[in-house]
Q: 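Mind having a look at this structure? Questions to follow.
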Amino acid sequence: MPNKKSVCIIGSGNWGSAIAKIVGVNCKRLDYFEDRVTMYVYEEMIDGKKLTEIINTTHENVKYLPGHKLPENVVAVPDVVEAAKVADILIFVVPHQFIRPLCSSLLGKIKPTAIGLSLIKGFDKAEGGGIDLISSIITRQLKIACAVLMGANLANEVAEEKFCETTIGCRDKKLSPLLRDLIQTDNFRVTVVDDTDAVEVCGALKNIVACGAGFVDGLGLGDNTKAAVIRIGLMEMIKFVDVFYPGCKLATFFESCGVADLITTCYGGRNRRVSEAFAKTGKSIRELEEEMLNGQKLQGPFTAEEVNYMLKNKNMEASFPLFTAIHKICTGQIPVNVFIDQIRCNPDTVHQSDILLHTSSKL
């Protein structure tokens, strides 16, 4: 079939490898995709062998997704330019702090007609005291359109083919069916919406709230307190989008990228788990990241720092007490045991009525 689409996955961690299982199978079975899927793998030595060689020989990412076979048409490549140079669809799934240098290395070396799909949950600091969306960085640096995928998708459960949902944010209605078909399976249901900014912001902010949920667990404060933190966190997420990305739709928060992703991350996921250990042990976030994550990066504290960078510059820290408290705890400015005090009596704690007055017309 002419004009088959070639796919490259840029990243091979836990989530990147899980999505490679899906993409590999779909590219093999659908005749409008090339069979071969390249996956950029940062080269590491595992027991004296290169990780790319292990993946291409055993079809298993033994470091980041052990116990799960990758489709044989997924080929690990240690050079990102080599992996991406002929791809029509670039799936970005690396820690968000690496996206700028990665895009710099790809500039002018990919197809000008390529499109991006970002699975990266986080922000980056922008000049002037603001923040950049990862999809915006990709579009600006590589001069390609970039959709986003966010949802309640713990990587190990996706790899185990347990039923779940996800959300793709894509403004181009012509691209939406192609991206949906590339990702969707019987057990991985995709909804496509055009509210791209809200989809992406939800994916980033929920990791901050998950840190708060982890603090609650570590302090032994119980499920009622945890539910309160999740509710306040959701309201701050909605308020953040309403203030900084006006025009987004309240309905997007009820997709998988919104409340579903928030709940699953606050009860599972690495941000909650490490934050619980932080509250229990007194060790630093960096120490726990090294001890507990097997080389993976923790996104919540980084995202909290980037959000606080903007809130502080705009003199809005008090308007987002939960986000602010989590940042200050992660950076050692206040102790974790005062977490609830920071949101209990704060007059600016977000209430539902504050939000719905602004967003109800956007449904």
Side-chain angles (χ1 to χ4, degrees), residues 14-16 18-19 22 91-93 96 99 116-123 131-136 138-139 145-155 157-158 162-173 175-177 179-180 182-185 187-211 213 230-231 233-272 299-300 303-304 306-307 323 355 359 362-363:
N14 188 234
W15 185 212
I19 210 70
I22 290 173
I91 300 175
F92 294 87
V93 55
H96 75 274
I99 194 64
L117 177 65
S118 173
L119 280 60
I120 301 170
K121 296 181 177 181
F123 301 119
I131 55 176
D132 253 344
L133 298 180
I134 301 302
S135 64
S136 298
I138 292 169
T139 293
C146 187
V148 299
L149 181 150
M150 306 284 157
N153 308 140
L154 296 179
E157 294 185 12
V158 172
K162 295 178 179 178
F163 176 78
C164 64
E165 300 176 311
T166 199
T167 310
I168 290 178
C170 181
R171 295 184 180 91
D172 189 336
K173 291 183 179 180
L175 294 178
S176 296
L179 296 177
R180 181 200 61 215
L182 178 62
I183 299 296
Q184 185 160 262
T185 72
N187 290 315
F188 196 65
R189 186 165 67 185
V190 176
T191 300
V192 183
V193 301
D194 62 4
D195 196 11
T196 304
D197 288 351
V199 171
E200 185 167 3
V201 173
C202 282
L205 295 181
K206 58 92 183 183
N207 283 328
I208 304 177
V209 185
C211 291
I230 293 171
R231 187 204 70 82
L234 176 60
M235 291 299 105
E236 289 199 8
M237 289 169 60
I238 296 171
K239 182 176 182 179
F240 188 92
V241 170
D242 192 44
V243 171
F244 298 111
Y245 298 91
C248 292
K249 301 170 185 174
L250 184 62
T252 302
F253 291 88
F254 297 95
E255 299 290 350
S256 182
C257 62
V259 65
D261 196 9
L262 177 63
I263 292 169
T264 196
T265 308
C266 287
Y267 280 90
R270 71 188 75 155
N271 290 284
R272 189 218 61 80
Q299 298 301 313
T303 305
E306 287 149 357
V307 166
F323 291 170
I355 300 301
T359 56
K362 301 169 191 173
L363 285 168

Q: What verdict does the side-chain hydrogen bond (donor to acceptor under 3.5 Å, both in side chains) test give for T303 and N207, after you've listed the backbone C-alpha separation in whole Å, the side-chain angles of each residue and the deciding distance to 0.1 Å?
A: CA-CA 8 Å; T303 305; N207 283 328; 5.2 Å; no

Q: Under the side-chain hydrogen bond (donor to acceptor under 3.5 Å, both in side chains) test, which residues partner R180, sequence neighbours left out?
A: none

Q: State, to 0.1 Å, how close P177 and K173 come at their nearest heavy-atom pair, and which atoms those are.
A: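 What the structure gives for the nearest pair is CD-O, 3.2 Å.
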
Q: What's the spacing between S135 OG and D197 CG if we round to 0.5 Å?
A: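 The OG atom of S135 sits 6.5 Å away from the CG atom of D197.
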
Q: Passes side-chain contact (heavy atoms from CB on, under 4.5 Å), K249 versus D194? Steps please.
A: CA-CA 10 Å; K249 301 170 185 174; D194 62 4; 3.0 Å; yes

Q: Could you work out, with side chain to side chain contact (heavy atoms under 4.5 Å, CB included) as the rule, every residue matching C257, not counting sequence neighbours?
A: M150, T167, V199, T252, E255

Q: Walk me through whether K206 and D261 qualify under salt bridge (Lys or Arg N to Asp or Glu O under 4.0 Å).
A: CA-CA 7 Å; K206 58 92 183 183; D261 196 9; 3.6 Å; yes

Q: OG/S256 to CG/N153 distance, rounded to the nearest 0.5 angstrom?
A: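 S256 OG to N153 CG: 5.5 Å, rounded to 0.5 Å.
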
Q: Of all heavy-atom pairs between A210 and N271, which one has the smallest distance, and what is that distance?
A: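 A210 and N271 have their closest heavy atoms at CB-CB, 4.0 Å.
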
Q: Check for a donor-acceptor pair, side chain of E157 on one end and backbone N or O of K162 on the other, with a separation under 3.5 Å.
A: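 No; judged by distance alone, with no hydrogens or angles, the pair does not exist.
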
Q: CD1/I19 to CD1/I22 distance, rounded to the nearest 0.5 angstrom?
A: 4.5 Å

Q: Determine whether V307 and I208 make a side-chain contact, defined as any pair of heavy atoms from C-beta on separated by less than 4.5 Å.
A: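 Yes - at least one pair of side-chain heavy atoms lies under 4.5 Å apart.
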
Q: Measure across A18 and A155 and return the closest heavy-atom pair with its distance rounded to 0.1 Å.
A: CB-O, 3.6 Å

Q: Determine the minimum heavy-atom distance between S118 and I138, stating which atoms define it.
A: CB-CD1, 4.1 Å

Q: Just how far is it from atom CE of M237 to atom CD1 of I230, taken to the nearest 0.5 Å?
A: 11.0 Å

Q: Evaluate the side-chain contact (heavy atoms from CB on, under 4.5 Å) criterion for residues I238 and L250: first the C-alpha distance (whole Å), next the side-chain angles of each, then the deciding distance (0.1 Å), finally the verdict.
A: CA-CA 8 Å; I238 296 171; L250 184 62; 4.0 Å; yes

Q: Would you say the side-chain atoms of E200 pair up with the backbone N or O of I134, donor to acceptor, closer than 3.5 Å?
A: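 At least one qualifying donor-acceptor pair exists.
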
Q: Taking C-beta and beyond as the side chain, do L133 and F123 meet within less than 4.5 Å on heavy atoms?
A: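 They are in contact (side-chain heavy atoms under 4.5 Å apart), so the answer is yes.
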
Q: Only one of V241, T196, V201, D242 passes side chain to side chain contact (heavy atoms under 4.5 Å, CB included) with C248; say which it is.
A: V241

Q: Could you give the distance from CG (L182) to CG (L149), rounded to the nearest 0.5 Å?
A: 10.0 Å

Q: In Å, rounded to the nearest 0.5 Å, how long is the span from CD1 of I183 to OG1 of T166?
A: 8.0 Å

Q: May I ask you to decide if the ring planes of F240 and F323 are parallel, tilted or perpendicular, using 30° and 60° as cut-offs?
A: perpendicular

